[in-house]
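Okay, so here's the structure we're looking at.
Basis for what follows: all heavy atoms, side chains included, without hydrogens, waters or symmetry-related copies. This is a predicted model, so every value here is computed, not measured. The sequence lines fix the lettering, A, B, ..., with proteins before strands; numbering per chain opens at 1.
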Amino acid sequence: MEYPGLLRYRGARHDGRCTGLLSTGETLGRRKGLWLDPGWYAARAFDRPAKECRRMMLSRYLEPHLRTVLTALGVDPAHPIPIEVPRQEGHGDLTTTVAMSLARPLQKAPRQIAEQIAEHLRTIPEITSVEIAGPGFINVVFDRTVFHQILRDLDAQSDAIGRSHIGQGRTVNVEYVSANPTGPLHAGHGRNCAVGDTVANLYAWCGFSVTREYYFNNAGNQMNKLGESILARVMQQLGQADWPFPDDGYHGEYIAEIAAQIVRHQRDAFEDLPAEDRHAFCRKAGETWCFASIQRTLERLSIRHDEFFNEDSLYTRGNVQSVIDALRDRGLVYEKDGALWFALEQLGNPQDKVIVKSSGEPTYRLPDIAYHRDKLERGYDLVVDIFGADHIATIPDVLAGVQALGFDANRVRTVIHQMVTFIENGEVVKFSKRSGTSFTLDELIDEVGADVVRFFFIMRAVGTHLEFDLSLAKEEGDKNPVFYLQYAHARICSILRKAADLGVSLDHATDVSVLRHPREIALIDLLGRFQSTVERACDQLEPQSVAEYLRELAAAYHLFYHDCRILGSEEPVQGARLLLADVTRRAMQNGLAMLGVGAPEQM
RNA sequence: GGCCUCGUAGCUCAGCUGGACAGAGCGACGCUUUCCUAAAGCGUGGGUCGGAGGUUCGAGUCCUCUCGAGGCCGCCA
């Protein structure tokens with residue numbers, strides 16, 4: 001057991017080990033909350049601690065030396081070595097707080113420990129200065145050659161800058177979108193689409209073998225409503241004006257359009273059907289139309305799934321029944337009030353839940369458990385769900401189910417994203433699927449473009465309510481954060497084009513030791529943190545940190561560009577700066593690719 | 001009744017898992033282009049991090065309580 005403690009509902013970012021929903025509580029029994037069973041632990045993408053996932057290139061020049069000196073001081077090798085990027089300028093290139101964290105175990109004053117560590121670090125040729133500040137911070141300044149080496153290392157990665165092999169040999173299934181075929185995707189679906197696809201991309205960039213899956217249900221009550229709604233419109237269009245429209249039916253314009261298509265192209269087939277088969281005919285026509293619509297929209301966002309999983313197959317293949325049987329074998333189901341209950345309290349969850357209603361119909365959690373068991377049986381090392389906040393309550397039940405069936409719930413990770421509010425000119429834009437005043441994802445893409453849609457939906461932490469400012473999104477100028485990133489990329493491309501025109505070609509063997517300007521160093525330093533940022537974003541399931549990083553990268557490049565003349569500088573300065581610009585371009589291009597955002601070569 | 005998430009600058013939000021005087025974008029005001037894309041850069045103003053306690057050498061970050069906003073559950077998915 002790597003992380004002892006009880007699992008409970010928790011926020012995403014307060015606990016280093018997981019994102020989304022579940023984390024380990026550290027103080028047993030003292031907190032309120034929804035407690036789950038001891039022995040359930042937050043799932044982690046990686047075996048190594050999160051601290052190491054975000055190790056940046058620069059810390060490779062510090063950490064081994066710290067480890068050496070700590071070992072000499074008799075420190076437990078398991079003691080973590082916190083290395084940080086100082087927030088404040090003048091506090092060095094890197095800072096470690098390890099002396100303060102050792103004060104207690106070593107029974108010594110932090111500054112005294114710091115002095116011993118500093119003494120050793122000062123003997124390292126690559127370290128220019130070591131200062132002890134405040135209560136025991138150790139601020140380290142590196143020789144500039146360290147940054148030059150980092151730049152050369154990055155350049156040697158060619159077009160793979162940012163790529164990681166941390167997930168090599170492992171498989172992950174990411175399930176997202178998963179909208180039922182009862183209508184076109186609405187604007188609010190966009191967040192699930194963008195977050196899910198970006199998460200899948202991040203896994204891919206971290207070396208995982210990724211399967212993108214879409215789960216749907218074409219057999220439920222909602223589908224019947226869709227069929228009835230279409231049938232009503234067809235009959236009305238065929239002249240039966242008084243044909244009743246179902247209560248809770250779908251009012252969207254697309255219903256009339258589907259009906260019109262049936263009337264136009266399949267009228268004979270429809271009219272030849274016996275009355276009792278017409279509903280099913282309409283339902284199937286609706287499903288086909290809706291899926292085609294959804295696929296078209298997803299394609300516009302460059303989203304392509306590998307697998308489409310039909311919930312109905314869980315019934316036809318007997319998976320649902322076998323879940324009931326398996327749970328019954330374990331004494332975890334019982335009958336009460338004519339319904340079948342899942343004894344969740346026995347598993348430490350707060351209440352038992354119904355899995356088969358007194359009507360004989362299963363509740364959603366039963367097929368959900370069967371579905372997750374199926375995914376785990378398919379052998380994925382990791383099964384990731386992207387859910388909206390309205391599904392938050394289902395997760396503990398599902399996890400309890402798969403755990404009870406003998407699977408490791410650690411293999412299931414969940415991203416819960418909050419709802420989206422659309423704002424235009426300071427006012428909330430209302431949309432509702434059933435009332436017919438829908439605001440479709442297609443319309444949103446029409447209005448602001450696919451790049452903006454994808455970026456806006458992932459630029460905020462998944463756990464926070466997202467305010468989508470349509471006015472800002474429509475701006476095609478400097479106010480729009482997407483263009484800030486794309487402009488940086490285009491600007492670099494422009495320079496490279498111009499350099500080529502002047503007969504200056506990129507020389508990977510150029511002498512980069514002339515790069516000494518603070519803007520140059522800062523840019524290299526930031527580039528050296530790209531890979532660890534990606535790894536962290538993947539591990540923590542926080543795609544917005546990549547967006548935040550790219551904003552910083554663009555800013556660092558613009559500063560460099562502003563202060564450091566590239567073309568026309570004397571060699572080897574020109575060549576070195578051109579190389580730095582090109583490495584930045586590759587990082588920006590890859591970063592935007594992870595987000596599914598285009599990297600234009602000119603704007 | 002129970003539970004979850006979120007409260008940080010006028011607005012929208014970051015904040016690297018507990019570190020040094022709290023950051024960015026937008027908005028406001030002022031400035032920079034004979035010069036590689038000004039879709040850029042620089043400066044000024046703006047915050048008792050919802051509130052109160054607590055743990056700690058140290059809290060926006062962890063704990064308790066509390067106020068506010070949104071959402072979920074108690075045989076719809």
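Counting atom types as modelled, A/Thr95 pairs a side-chain N or O with a base atom of B/A20 as donor and acceptor under 3.5 Å. The base of B/A20 sits within donor-acceptor range of the side chain of A/Asn139, with an N or O pair under 3.5 Å.
B/A22 and B/G60 have their P atoms separated by 9 Å, with the value rounded to a whole Å. Comparing B/C16 with B/G50, their P atoms are spaced 15 Å from each other, to the whole Å. Rounded to whole Å, the separation between the P atoms of B/U56 and B/U61 comes to 16 Å. Comparing B/A14 with B/G25, their C1' atoms sit 10 Å apart, to the nearest whole Å. Comparing the C1' positions of B/C63 and B/C26 gives an interatomic distance of 36 Å, to the nearest angstrom.
A/Gln418 has no side-chain polar atom (N or O) that falls below the 4.0 Å cut-off from OP1 or OP2 of B/C72.
The two residues A/Ala339 and A/Ser358 make their nearest non-hydrogen contact at CB-N, 3.9 Å.
Note on A/Glu476: a base of the nucleic acid sits closer than 4.0 angstrom, heavy atoms only. Within the nucleic acid shown, A/Arg519 has no heavy atom closer than 4.0 Å to any nucleic acid atom. Using a 4.0 Å heavy-atom distance criterion, A/Cys493 is classed as making no nucleic acid contact. Nucleic acid contact class of A/Arg529 (heavy atoms, under 4.0 Å, all strands): none. Heavy atoms of A/Asp563 sit nowhere under 4.0 angstrom from any nucleic acid atom. If you check every strand for non-hydrogen atoms under 4.0 Å, A/Pro481 touches nothing.
For A/Lys479, the side-chain atoms get nearest to B/C26 when compared with the rest of B/G19, B/A40, B/C26. Comparing atom distances between the A/Ala339 side chain and each of B/C75, B/A39, B/A14 picks out B/C75 as nearest.
Nucleotide B/A38 holds its P atom 13 Å from the OH atom of A/Tyr484, rounded to whole Å. In this structure, the CG atom of A/Leu578 is 10 Å from the C1' atom of B/C36, given to the nearest Å. In this structure, A/Glu601 places its CD atom 21 Å from P of B/C36, rounding to the nearest Å. The distance between atom CG of A/Leu559 and atom C1' of B/A40, rounded to the nearest whole Å, is 10 Å. Rounding to whole angstrom units, CE of residue A/Met100 and C1' of B/A59 are separated by 14 Å. Rounded to whole Å, atom C1' of B/A24 lies 14 Å from atom CZ of A/Arg87.
Between A/Tyr371 and A/Tyr215, the two ring planes are parallel [angle under 30°; tilted spans 30° to 60°]. Between A/Phe468 and A/Phe456, the angle of the ring planes lies from 30° to 60°, which puts this pair in the tilted group.
Relative to the six-membered ring of A/Tyr561, A/Arg491 meets both conditions, a distance below 6.0 Å and an angle of at most 45° to the axis.
Between A/Phe530 and A/Tyr549, the distance from one ring center to the other falls under 6.0 angstrom.
The aromatic ring of A/His562 does not sit over the base of B/A40; the criterion of centres under 5.5 Å apart with planes under 30° is not met.
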